[in-house]
Engineer: 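Have a look at this one before I ask anything.
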Amino acid sequence: MTTTTLIFYILSGVLLSSAVMVVTTKNTVYGVLFLILAFFNAAGLFILAHAEFLAMILIVVYVGAVAVLFLFVVMMVNMETKKSQRMDRRYLLMGIFVGGVLVLELVVVFMSWNTSPEAFELIFAPQDGLSNTHALGALLYTHYALIFQAAGLILLIAMIGAIILTLRQRENVLKQKIGDQLARQAKDSVQMVDISPTSSFRNLESLDDSATPRGRTSRVS
Amino acid sequence: MVNVEDLLFLIGYTLLIIIPLLLAVAYLTYVERKVIAAMQRRVGPNVVGWFGLLQPFADGLKLLHKETIIPTQANPFLFIVAPLLTFGLSLSAWAVIPFGPGMVISNINVGILYLFAISSLGVYGIIMAGWASNSKYSFLGALRSAAQMVSYEVSIGLVIVTILLSAGSLNLSEIVEAQQNIWFIIPHLPMAVIFSISALAETNRAPFDLPEAEAELVSGYNVEYSSMTFALFFLGEYANMILMSAIGSILFLGGWLPPLQIPPFTWVPGIVWFSLKMSFLLFVFLWVRATFPRYRYDQLMRLGWKVFLPFSLLWVILTAGVIVIL
C-alpha cells in the first residue's frame with residue numbers, strides 16, 4: 001500500500017465518520033465543528049486529486065465563511081441538548097421513507113450510467129501544461145462564461161430576496177450620517193456675537209436662524 | 001514512501017522557522033512596550049536585563065508558573081482546544097512564506113490562497129474560546145470578532161485578487177518575482193492602504209481591537225483564560241501580526257527584492273530586505289496603536305462593507321481592464 005492510498009483511506013474514513021457524527025451528535029455546536037472537520041478532510045481529498053485550487057476555495061468559502069455563520073447561529077440559539085427519545089422515533093418512519101426514496105433514485109440513475117474507460121484517467125489529467133487555477137478559469141470564464149454569469153445573477157436575486165425579507169425600517173434609530181458631518185462648516189454652527197457688558201442675555205434671542213445644526217445626528221423616520 | 005533523511009530535513013527547516021518566530025514574537029512584545037512608551041514619553045521596561053531586554057522572558061516565566069484555571073461551567077475540551085488552535089494556525093501559515101529566492105518550505109501553486117484560508121480559520125479559535133468559557137463578556141467578544149473578521153476578509157480577498165491579476169500567479173515566489181521592475185505598492189497604493197487597515201482588523205489590533213475592548217468587555221474572548229492557555233492566545237496574536245506584515249511585504253513591498261536592482265542594494269541578502277520590510281510594517285502596527293482611539297462597532301462595519309468593499313471591487317475591475325488593454 002502506498003502512502004497516497006493510506007492517506008486517502010485515512011481522510012475518507014475521518015470524513016465519513018465526522019459526517020455521521022454531524023447528524024447523530026446531540027450537541028449542535030459539536031455538530032457544526034464535526035461539519036468543519038468533514039470539510040477539511042474533503043479538502044485533503046481534493047489535494048490528493050491534485051485539485052489544490054478547489055481545496056483552498058472549499059476551505060476559504062465553506063470553513064472560513066459559511067460554517068462561521070452556522071456556528072454563530074447555533075451558539076446564539078443555545079438549543080436544549082437533551083431531547084426525548086420519543087421525539088426521535090416520531091420522525092423515524094418519515095425519515096426512512098425519504099431516505100429510501102433518495103437511495104432508490106440514486107440506484108436508478110447509476111444503473112443507466114455509462115462511464116467511459118478513459119474517464120478515470122481524464123479526471124486527474126492536467127489540461128496541457130496549464131495549472132489547475134488557469135484551467136478552471138479558462139473553463140468558467142471563457143467556455144461557460146454565460147452560464148457562469150447566469151449563476152451569478154441567480155445568487156444576486158437570492159441575496160436581494162433575503163435582504164428584502166429581513167430588512168425592516170425601525171423608527172427612532174439614531175444613525176450617523178458621515179456626509180452631513182463632513183459637509184458641516186464652522187460658519188453653519190458658530191456665530192460670533194458682540195455683547196456689551198451691560199446688555200442682558202435676552203438680547204441674544206434676536207439672532208437669525210441661519211445656524212441650523214445640520215451635521216447633528218438626526219432621527220430616521 | 002517518505003524517506004527518513006527528507007523527514008529529518010523537514011523537521012530541521014520547521015524548527016529553523018519556528019524558533020526565530022517565537023523569539024520575534026517575544027521581542028515584538030518588548031518592542032511594542034518600548035515604542036509606545038517612547039511615543040508617550042515614558043521609559044518602558046528597563047529593569048530586567050540591559051535596557052529591559054530580558055523582560056519578555058520574565059513575563060513568559062511568570063505566565064507559565066501561574067495556575068491554569070478552567071471555569072466550572074466551561075466546556076473543558078473546547079476551552080483547551082481554542083488557544084491551541086489559534087497558536088497552531090498562526091504557526092502553520094509560515095510553511096509557504098518565501099524568505100528569499102527558493103527559501104521556502106513548501107512552494108505550492110496556490111500559496112496566497114493557502115495564506116488566505118489559514119487567516120480565515122483564525123476566527124474559530126476566538127469563537128470557540130468565547131463560547132466554551134460560558135461567560136457573557138467572552139461570548140460578546142467572540143461574536144464581535146467573528147463578524148469583524150468575516151467582514152474584513154472580503155476586502156483582503158479582493159486585494160489578493162488584484163495582486164494575482166497583476167502578477168499572473170498564485171504562487172508567492174512568483175508574485176515576488178513579478179515585482180522586479182516595480183513594487184506593487186506604486187500602481188496599487190489604494191489597495192495597499194486597504195490591505196493595511198484590513199490587516200489591523202483581521203488581527204484584532206487597535207484601533208479595531210473591539211473583541212477585547214478592555215473598557216466594555218473587560219478583556220473579551222480571553223477573559224476566562226489564565227497561565228499557558230492565555231499565553232498561547234497572546235503568542236498567536238503577535239505571530240499573526242508578524243504574519244500579516246510578511247504577507248504585506250510580499251504582496252506590496254516586493255518581498256526579498258532590494259528597492260533598486262543596482263550593486264550597493266543587491267549585495268545585501270534577500271532575507272535581510274524581507275526582515276527590514278516586515279519590521280517597518282510591524283512598527284506601523286505599533287504606531288497606529290499608539291496614535292488612534294478605538295473605533296465604534298457600527299463605524300467598523302460601515303467602513304468594511306460600505307467603503308472598502310465597493311472601492312476594492314471597483315479597483316479589481318479597473319486593474320482587469322488595464323491589464324486587458326495593455
Side-chain angles (χ1 to χ4, degrees), chain A residues 1-7 27-30 32-33 35-37 39-40 43 46-47 50-78 81 126 130-137 141 173-179 181 217, chain B residues 1-3 75 77-78 81-82 85 89 96 106 108-124 126-128 130-132 134 138-140 142-151 153-154 156-157 160 164-165 168-171 174 296 298-299 301-303 306-307 320:
Chain A
M1 194 191 282
T2 60
T3 324
T4 321
T5 336
L6 188 71
I7 294 172
N27 190 332
T28 41
V29 172
Y30 284 169
V32 178
L33 292 177
L35 185 67
I36 292 162
L37 188 62
F39 282 144
F40 261 107
F46 271 134
I47 287 177
H50 298 289
E52 69 269 3
F53 182 77
L54 283 182
M56 290 304 152
I57 291 297
L58 181 75
I59 291 182
V60 169
V61 175
Y62 283 91
V63 183
V66 175
V68 171
L69 296 180
F70 276 1
L71 205 59
F72 216 87
V73 173
V74 163
M75 283 177 176
M76 295 283 270
V77 170
N78 195 14
T81 48
L130 281 178
S131 84
N132 217 295
T133 320
H134 279 114
L136 267 178
Y141 292 100
V173 177
L174 291 175
K175 262 191 185 166
Q176 184 179 19
K177 291 185 177 167
I178 305 286
Q181 284 183 343
T217 317
Chain B
M1 291 300 273
V2 187
N3 93 46
N75 181 325
F77 177 68
L78 289 183
V81 165
L85 186 73
L89 283 173
V96 296
S106 170
I108 57 176
N109 273 337
V110 287
I112 189 70
L113 275 180
Y114 174 81
L115 284 180
F116 189 51
I118 295 286
S119 77
S120 70
L121 293 179
V123 66
Y124 281 106
I126 292 174
I127 300 192
M128 276 157 69
W131 184 77
N134 205 352
S138 299
F139 193 52
L140 279 174
L143 289 185
R144 280 184 179 189
S145 174
Q148 172 179 332
M149 288 171 89
V150 169
S151 307
E153 253 155 42
V154 179
I156 288 193
I160 288 175
L164 69 92
L165 278 176
S169 172
L170 287 164
N171 181 305
E174 283 173 32
R296 217 173 51 210
D298 61 318
Q299 291 172 330
M301 284 296 159
R302 197 186 69 86
L303 185 70
K306 292 189 177 171
V307 181

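So you know, we letter chains A, B, ... as the sequences are listed, proteins then strands, and number each from 1.
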Engineer: Before giving the answer on side-chain contact (heavy atoms from CB on, under 4.5 Å), spell out for A:Met75 and B:Ile127 the whole-Å C-alpha distance, their side-chain angles and the decisive distance to 0.1 Å.
Structural biologist: CA-CA 9 Å; A:Met75 283 177 176; B:Ile127 300 192; 3.3 Å; yes

Engineer: Indicate the atoms forming the closest heavy-atom contact of B:Ser120 with A:Gly64, along with that distance.
Structural biologist: OG-CA, 3.8 Å

Engineer: Mind checking the OH-CG spacing from A:Tyr30 to B:Leu78? Nearest 0.5 Å is all I need.
Structural biologist: 5.0 Å

Engineer: Using a 3.5 Å distance criterion without hydrogens, assess whether the side chain of B:Tyr124 forms a donor-acceptor pair with backbone atoms of A:Val63.
Structural biologist: yes

Engineer: Identify which part of A:Ala67 has an atom lying under 4.5 Å from any heavy atom of chain B, answering side chain, backbone, both or neither.
Structural biologist: both

Engineer: More than 12 heavy atoms of other residues, nucleotides or ligands under 6.0 Å from OH of A:Tyr62: yes or no?
Structural biologist: no

Engineer: Side chain, backbone, both or neither: which part of B:Ile118 has an atom under 4.5 Å from a heavy atom of chain A?
Structural biologist: neither

Engineer: Can you tell me which portion of A:Leu33 sits under 4.5 Å from chain B's heavy atoms? Options are side chain, backbone, both or neither.
Structural biologist: side chain

Engineer: Can you name the closest pair of heavy atoms from B:Ala146 and A:Val68 and give their distance?
Structural biologist: CB-CG1, 4.3 Å

Engineer: So what's closer than 4.5 Å to chain B heavy atoms on A:Val61: side chain, backbone, both or neither?
Structural biologist: neither

Engineer: Would you mind checking which part of B:Leu121 comes under 4.5 Å of any heavy atom in chain A, side chain (CB onward), backbone (N, CA, C, O), both or neither?
Structural biologist: side chain

Engineer: Checking side-chain contact (heavy atoms from CB on, under 4.5 Å) for the pair A:Met56/B:Leu170: CA distance, chi angles, key distance, verdict?
Structural biologist: CA-CA 12 Å; A:Met56 290 304 152; B:Leu170 287 164; over 6 Å; no

Engineer: Based on non-hydrogen pairs under 4.5 Å, which of A:Ile178, A:Ile59, A:Ile36 is most in contact with chain B?
Structural biologist: A:Ile178

